[in-house]
Amino acid sequence: MSETRRAFMKKSSVIATVLLTKAPTLYAHSSEKYKSNRPAPQDRNFISDIIEETIKRVKAKIKHPELAWMFENCFPNTLDTTVTYTEKDGVPDTFIITGDIHAMWLRDSTAQVWPYLRFVNEDEKLKKLFQGVINRQAKCIAIDPYANAFNDGPTGSEWESDYTDMKPELHERKWEIDSLCYPIRLAYHFWKTTGDTTCFAAAWLDSMKLVVKTFKEQQRKDGLGPYSFMRNTTRPGDTLHMSGYGYDVNPVGLVVSSFRPSDDATVFPFLIPSNYFLVTCMRHLAEMVDSLYKNIAFKKECLALADEVELALQKYAIAEHLDFGQVIAYEVDGFGNRLYMDDANIPGLLSLPYLGCFDADNPLYVNTRKFVLSKNNPYFYKGTYAEGIGGPHTGWHDQIWPMSIIMRAMTSKDEKEIQDCIDMLVATHAGTGFMHESFHKDNPEKFTRKWFAWANTLFGELLINTYDT
């Protein structure tokens, strides 16, 4: 460990001292306050010995009691509260809810277990849990590649009246590129980490072929494609204009994402962060197809799609901003129109290095990062307790997502910036010991979603990266 890193670790023992004095009633230190908020062991959904050992080890390294308590609460939250693991004929199956919404998003389920992947070779139970997620995601894609969220069986949902091809197995049917990218990310890195191939039978390959077919349909070279969506709602971002197909695009090789990873409708349907994510995932899928199946034709199809989208990104996604020079736009339409902003959800522009799409030192990313963390990004908010990125999803102005602060730290090599981000997270959990979907920049007690497992586990990942390296 470098002397600089050692100094940072030492400084972290007094994290949040300044910010905590702003609200002594909410954040005052006491041994009574820092009792674990985890469910009792007998009430936990899933227990992994290596994760329990990791919690003890990392918690001991965090000298600030409040931060250590937050880590203990947050890091295991996905396993403690959202996982249902079963086996049928010896085949693992894992259903994962998001928290207070009892449905499984393809995106969230990957992101929720992602921070545990580094430990998977040390716990056979944990490895089987990952196999179960990969198996379940493949089954979900086979049911409907255009759906973003699924039920645990054909139970129907509150959105079954949406004007789209709903099925009883679907919780929601919003077409989002990242919904199909995240399962590839999980499968690829599980394979690279473990060498395990037991979940990659013919059914998984069939689902991946459906993924590529769907991406190519949504390039819209041959018309609008089979997907449309409308909803009776007072929220414009919950439905699509133009008879359910969204605004027009020029078919230049990019892939339409009707909705963002926030589940809000796109303005210009070529969502750029998700197209970058697609390029990375198609190349990973090509590597798997080559190694596991020796399917040269499908490998070439994946690589051709990646190359085509990457070429279109170079031509249409990068442009001269009025104040920041060359930056990456958030959305485009292929006609030359661009939307300059960033949303807190992942993938967003800020998170591109985290997803393996850019090196954090890439000058284009560095310049774009300066833009998205400035007042020129309409969804960057700066207040009494914190600064960070929000988005229109919560329906309120000035709501910062902890996820954006976490991602800012995880894409930074500046130790002061990382410490500042952790300071803000300690100061804004509203005394709960957990992350939330969003909080008001001037009042952390005004937050949304008290049980949001993705943000909790992501926060745990940040602290492991900071304290356990």
> Can you see whether Tyr227 engages Asp165 through a side-chain donor-acceptor pair at a distance of less than 3.5 angstrom?
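On atom types as modelled, these side chains do not qualify, holding no pair under 3.5 Å.
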> Can you confirm whether or not the ring centre of Phe439 sits under 6.0 Å from the ring centre of Phe447?
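Distance test on ring centres: not under 6.0 Å, no.
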> State yes or no: are the ring centers of Trp401 and His436 separated by less than 6.0 Å?
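No; His436 has its ring centre 6.0 Å or more from that of Trp401.
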> Main chain of Ala138, side chain of Ser207: is a donor-acceptor contact present, judged purely on distance under 3.5 Å?
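Yes, because the side chain of Ser207 sits within donor-acceptor range (under 3.5 Å) of the backbone of Ala138.
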> Go through the side-chain N and O atoms of Thr81 and Trp451 and say whether any donor and acceptor fall under 3.5 Å apart.
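On atom types as modelled, these side chains qualify, holding a pair under 3.5 Å.
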> Would you say Ser109 and Gln137 are linked by a side-chain donor-acceptor pair, where the criterion is simply a distance under 3.5 Å?
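A pair is found: one side chain offers a donor N or O, the other an acceptor, under 3.5 Å apart.
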> Does either side chain, that of Ser438 or that of Thr448, offer a donor lying less than 3.5 Å from an acceptor on the other one?
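Checked: Ser438/Thr448 side chains pair up, N/O donor to acceptor below 3.5 Å.
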> Kindly indicate whether a cation-pi arrangement holds for Arg408 with Tyr354, taking the cut-offs as under 6.0 Å to the six-membered ring centre and within 45° of the axis.
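No, cation not above the ring by the 6.0 Å, 45° rule.
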> With a 3.5 Å cut-off and no angle check, do the side chains of Gln218 and Tyr146 form a donor-acceptor pair?
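There is such a pair between these side chains.
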> Any luck finding a side-chain donor-acceptor pair between Ser257 and Thr266 under 3.5 Å?
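No - no donor-acceptor pair under 3.5 Å links their side chains.
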> Measure from the side-chain N and O atoms of Asn73 to the backbone N and O of Asn37, and report whether any donor-acceptor pair falls under 3.5 Å.
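Yes, because the side chain of Asn73 sits within donor-acceptor range (under 3.5 Å) of the backbone of Asn37.
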> Side chain of Arg338, backbone of Tyr316: donor and acceptor closer than 3.5 Å?
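Such a contact is found between Arg338 side chain and Tyr316 backbone.
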> Kindly say whether the aromatic ring centers of Phe130 and Tyr116 come within a distance under 6.0 Å.
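No; Tyr116 has its ring centre 6.0 Å or more from that of Phe130.
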> Does Val327 offer a backbone N or O that forms a donor-acceptor pair with the side chain of Asn367 under 3.5 Å?
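No; zero donor-acceptor contacts below 3.5 Å.
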> Using the rule side chain to side chain contact (heavy atoms under 4.5 Å, CB included), only one of Ile55, Leu462, Val58, Asn456 pairs with Phe75; which is it?
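One option only clears the test, and that one is Ile55.
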> Using the ring centroid of each side chain, check whether His189 and Trp114 are separated by less than 6.0 Å.
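Ring-ring flag for His189/Trp114: true, centres closer than 6.0 Å.
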> Show, in sequence, the C-alpha distance, side-chain angles and deciding distance for Leu349 and Leu352, and conclude whether the side chain to side chain contact (heavy atoms under 4.5 Å, CB included) test is met.
CA-CA 6 Å; Leu349 296 173; Leu352 289 174; 4.3 Å; yes
> Classify the side-chain pair Asn376/Asp323 by whether it contains a donor and acceptor separated by less than 3.5 Å.
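A pair is found: one side chain offers a donor N or O, the other an acceptor, under 3.5 Å apart.
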> If the condition is side chain to side chain contact (heavy atoms under 4.5 Å, CB included), which residues does Ala455 pass it with, not counting sequence neighbours?
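By the side chain to side chain contact (heavy atoms under 4.5 Å, CB included) rule, Ala455 matches Met435, Phe452.
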> Under 3.5 Å, is there a donor-acceptor pair linking the side chains of Asn345 and Ser262?
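No, no side-chain donor-acceptor contact under 3.5 Å.
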> If we count only N and O atoms by modelled type, under 3.5 Å, do the side chains of Asn151 and Glu169 hold a donor and an acceptor together?
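No, no side-chain donor-acceptor pair sits under 3.5 Å.
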> Under 6.0 Å between ring centres: does that hold for His171 and His102?
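No.
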> Is there a donor-acceptor contact under 3.5 Å linking the side chains of His429 and Glu66?
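On atom types as modelled, these side chains qualify, holding a pair under 3.5 Å.
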> Taking Ser412 for the side chain and Ala409 for the main chain, is one N or O donor matched with an acceptor at less than 3.5 Å?
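Absent.
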> Using the six-membered ring of Trp69, assess whether NZ or CZ of Lys35 lies under 6.0 Å from its centre and within 45 degrees of the ring axis.
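No cation-pi geometry.
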> Hey, does Glu52 have a side-chain heavy atom less than 4.5 Å from the side chain of Ile47?
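Result yes, sub-4.5 Å side-chain heavy-atom pair found.
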> Do we see a donor-acceptor contact under 3.5 Å between the side chains of Thr411 and Arg369?
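On atom types as modelled, these side chains qualify, holding a pair under 3.5 Å.
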> Would you mind listing every side chain to side chain donor-acceptor pair (under 3.5 Å) that reaches into residues 325-334, with sequence neighbours excluded?
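Qualifying pairs, neighbours excluded: Arg260-Glu331, Glu320-Gln326, Asp333-Asn337.
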> On the ring face of Trp159, is Arg231 found with NZ or CZ under 6.0 Å from the centre and within 45° of the axis?
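The answer is yes; both the distance and angle limits are met.
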> Say whether Asp162 and Thr164, considering side chains only, have a donor N or O and an acceptor N or O under 3.5 Å apart.
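The criterion, which ignores hydrogens and geometry beyond distance, is not satisfied for Thr164 and Asp162.
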> When Lys174 is tested against each of Asp144, Asp263, Asp238 for salt bridge (Lys or Arg N to Asp or Glu O under 4.0 Å), which residue passes?
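Going through Asp144, Asp263, Asp238 one by one, the salt bridge (Lys or Arg N to Asp or Glu O under 4.0 Å) with Lys174 is satisfied by Asp238 alone.
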> Tell me the salt bridge (charged side-chain N to carboxylate O under 4.0 Å, His left out) pairs involving residues 345-366, sequence neighbours left out?
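Salt bridge (charged side-chain N to carboxylate O under 4.0 Å, His left out) check on residues 345-366 returns Asp361-Lys413.
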> When the aromatic ring centroids of Phe95 and Tyr85 are compared, is their separation below 6.0 Å?
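They do not qualify: ring centres at least 6.0 Å apart.
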